[in-house]
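Notes to accompany the following structure.
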Amino acid sequence: MSSKIILASCYAVNPYKGSEDAMGWNFVMQIARFNKVIAITRENNKEAIEKFMTENPASDYSDITFLYFDLPYYMRFWKKGSRGAMFYFYLWQRGIVNFVKKQNIHFDIAHNVNFHNDWTPSFLWKLNKPMVWGPVGHHPLVPKMYLKPYSIKYSIKDSLTWLVKKVFWKYSTALNKTKQNAAHIWCMNTDVPIKLNLKTGYSVFPSVASEDYSTVESEEKKGFHVISAGRFVPLKGFDLTIRSFIKFLETVPVDERMNCKLTLVGSGAEKGFYEKLINNSIAKDNVEIKEWVERSHLMKLYKQSSVFMFPSHEGAGMVVAEALSFGLPVICLDNIGPGQYITPHCGFIIPQTNYNHTVQDLADALNKLYSDADLLSKMSHNARERYNQRFTWDSRGEHLKEIYNNLSI
């Protein structure tokens, strides 16, 4: 089929970062594999994008045009980092329509790419072209039992956020129009079509993926090295990671314990709480916390590790794809996020029962991998296979190609 021109709105794009920023960059690159793309992103992403493209030339750049848009300063001075990000994103989404019209851009398909979920509407349908919406995410309520170790403010915040979502799902005219006018909705997990009450015109496919960093050079693996990465907030479940590692370590013979190590990579408000858990346990010499590191350093840490622990409660998790690319078995919770990425062949999916049972089950999974070298080797091989089958960026590009080709232009 002939090449199309895709107008892609990508709120977050930065090839030097991970998560949403990495997703934005890689989706633009994947669109450009088969079609021309006009990518609209925020002005604060311009420097990083142009620097990366200069330092890393690629033939696909000839099919990419970046345009930069932000609202006037008086409409965004109050936004500081993640504070106010969702509200500003909503305003940015509205403003982008007039920006495109003033540019007098010719394109075939409009695609709202990233930073959104199943309660934040898009307005690209107003451009009167077929619109692709997604990947659209859904983050469930964190089960109350997993918030008990934390301040009550997290439970209140989670409940209030859920209330806002319910208002949008039930009453938002803009959200209903987004659903009605989308030619295709890419759903990130199985709960999205349920919450949006979709019948047709959608696909369910993970959004997270990873480049293949398996050839990165690093030191050889030593001992049994568990790793986890993410923000130090209740959503990521680091308390479960720490407590289960401590419980696991209690079962390891004393003379073998120094061969067992847990590395936590991240930063956030709960760092002090996690340090207290570690320092008041037998694992204080076996656990290290590394503040956020350069991605190249993180990749080396993956390469040195044996297992990736990620009992997160979210509906996604880019780090899971990265871990699989290094052949790391993944231990996660049975949920609509990482729980839908992992199979019993490449990791352990732990039921969400009660807090203490969860900690024990996570510890048991670590114990099985530690005590059975053949199982660890087999799961490591299967983790790499799972990555190749499901979590390469090229597989996302193929899915995009299929979506675009099936639309009536």
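By convention here, the first residue in the shown sequence is residue 1. For clarity, every value in this text was computed on a predicted model and none was experimentally measured.
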- [ ] Please identify each residue that fulfils ring pair (Phe, Tyr, Trp, His ring centres under 6.0 Å) with Tyr16, with sequence neighbours left out.
- [x] Phe52

- [ ] Could you tell me which non-hydrogen atom of Met145 sits nearest to which non-hydrogen atom of Thr353, and how far apart they are?
- [x] CE-O, 2.9 Å

- [ ] Could you tell me the separation between the CG atom of Leu235 and the NZ atom of Lys157, rounded to the nearest 0.5 Å?
- [x] 9.5 Å

- [ ] Report, as yes or no, whether the 6.0 Å neighbourhood of atom CZ on Arg231 holds more than 12 heavy atoms from other residues, nucleotides or ligands.
- [x] no

- [ ] Considering non-hydrogen atoms only, spot the tightest contact between Val113 and Met23 and give its length.
- [x] O-CE, 3.8 Å

Open item on the list: Return the CZ to SG distance between Phe205 and Cys187, rounded to the nearest 0.5 Å.
Closed with: 13.0 Å

TODO: Of all the heavy-atom pairs spanning Pro206 and Arg390, show the shortest one and how long it is.
DONE: CD-NH2, 3.5 Å

TODO: List the steps, then state whether side-chain contact (heavy atoms from CB on, under 4.5 Å) holds for Val265 with Leu301.
DONE: CA-CA 9 Å; Val265 182; Leu301 290 174; 3.8 Å; yes

Task: Straight-line distance of Ile278 CD1 to Arg243 CZ, nearest 0.5 Å - done: 11.5 Å

Task: Nearest non-hydrogen partners of Ser325 and Asp212, listed with the distance - done: O-OD1, 4.5 Å

Open item on the list: Is there a side-chain contact (heavy atoms from CB on, under 4.5 Å) between Tyr68 and Ile40? Walk through the geometry before answering.
Closed with: CA-CA 6 Å; Tyr68 301 94; Ile40 304 174; over 6 Å; no

Task: Whether Ser159 side chain and Ser155 backbone form a donor-acceptor pair below 3.5 Å - done: yes

Task: side chain to side chain donor-acceptor pair (under 3.5 Å) against Tyr302, all qualifying residues, sequence neighbours excluded - done: Glu322

TODO: Can you run down the side-chain hydrogen bond (donor to acceptor under 3.5 Å, both in side chains) pairs that involve residues 117-126, sequence neighbours left out, and say none if there aren't any?
DONE: Asn112-Ser122, Asn117-Trp119, Asn117-Thr120, Asp118-His138

Open item on the list: Using side-chain contact (heavy atoms from CB on, under 4.5 Å), reason through Glu291 and Lys271 one step at a time and then give a plain yes or no.
Closed with: CA-CA 10 Å; Glu291 294 283 342; Lys271 181 183 177 184; 2.5 Å; yes

Task: Partner set under ring pair (Phe, Tyr, Trp, His ring centres under 6.0 Å) for Tyr202, not counting sequence neighbours - done: none

Task: Between Lys199 and Asn197, a side-chain donor and acceptor under 3.5 Å - done: yes

TODO: Applying ring pair (Phe, Tyr, Trp, His ring centres under 6.0 Å), name anything that partners Tyr90, two or more places apart in sequence or on another chain.
DONE: Phe123

Open item on the list: Are Phe248 and Phe224, when compared by the centres of their aromatic rings, separated by less than 6.0 Å?
Closed with: yes

Task: Nearest non-hydrogen partners of Ser244 and Ala363, listed with the distance - done: O-CB, 3.4 Å

Open item on the list: Lys261: which residues meet the salt bridge (charged side-chain N to carboxylate O under 4.0 Å, His left out) condition with it, sequence neighbours left out?
Closed with: Glu288

Task: side-chain hydrogen bond (donor to acceptor under 3.5 Å, both in side chains) contacts in which one or both residues fall within residues 144-154, not counting sequence neighbours - done: Tyr146-Thr358, Tyr150-Asp239, Tyr150-Tyr274, Tyr154-Glu270

Open item on the list: Quick check for you: to the nearest 0.5 Å, what is the distance between His184 atom NE2 and Glu402 atom CD?
Closed with: 8.0 Å

TODO: Please identify each residue that fulfils ring pair (Phe, Tyr, Trp, His ring centres under 6.0 Å) with Phe27, with sequence neighbours left out.
DONE: Trp186, Trp393

TODO: Taking side chain to side chain donor-acceptor pair (under 3.5 Å) as the test, write out the residues that go with Ser228, two or more places apart.
DONE: none

TODO: Would you list the pairs meeting side-chain hydrogen bond (donor to acceptor under 3.5 Å, both in side chains) in which at least one residue belongs to residues 364-373, sequence neighbours left out?
DONE: Thr251-Asn367, Glu256-Tyr370, Gln360-Asp364

Open item on the list: Show the nearest heavy-atom pair for residues Ser3 and Phe34, with the distance to one decimal.
Closed with: OG-O, 3.8 Å

Open item on the list: By the side-chain hydrogen bond (donor to acceptor under 3.5 Å, both in side chains) test, which pairs, at least two apart or in different chains, include something from residues 331-350?
Closed with: Thr190-Gln340

Open item on the list: I'd like to check the salt bridge (charged side-chain N to carboxylate O under 4.0 Å, His left out) partners of Glu20; sequence neighbours left out, ordered by chain and number.
Closed with: none

Open item on the list: Checking side-chain polar atoms at under 3.5 Å, does His399 have a donor or acceptor matched by the opposite partner on Ser203?
Closed with: yes

TODO: Using a 4.5 Å cut-off on heavy atoms from C-beta on, say whether the side chain of Leu124 contacts that of Ser9.
DONE: yes

Task: Intermediate values then yes/no, side-chain contact (heavy atoms from CB on, under 4.5 Å), Cys10 and Val13 - done: CA-CA 6 Å; Cys10 309; Val13 178; 3.4 Å; yes

- [ ] For residues Trp92 and Phe69, determine if any side-chain heavy atom of one lies less than 4.5 Å from a side-chain heavy atom of the other.
- [x] yes

TODO: Determine, step by step, whether Arg33 and Gln30 satisfy the side chain to side chain donor-acceptor pair (under 3.5 Å) criterion, reporting the C-alpha distance in whole Å, the side-chain angles of both residues, the deciding distance to 0.1 Å, and the verdict.
DONE: CA-CA 5 Å; Arg33 284 176 61 202; Gln30 289 301 321; 2.7 Å; yes

- [ ] Say whether, by atom type as modelled, one donor and one acceptor occur between the side chain of Asp21 and the main chain of Pro15 under 3.5 angstrom.
- [x] no

Open item on the list: When you compare the side chain of Leu240 with that of Tyr355, does any pair of heavy atoms fall below 4.5 Å?
Closed with: yes

Open item on the list: Check this for me: Glu55, atom CD, are more than 12 non-hydrogen atoms of other residues, nucleotides or ligands nearer than 6.0 Å?
Closed with: yes

- [ ] Report yes if some heavy atom in the side chain of Phe245 is under 4.5 Å from a heavy atom in the side chain of Asn286; otherwise report no.
- [x] yes

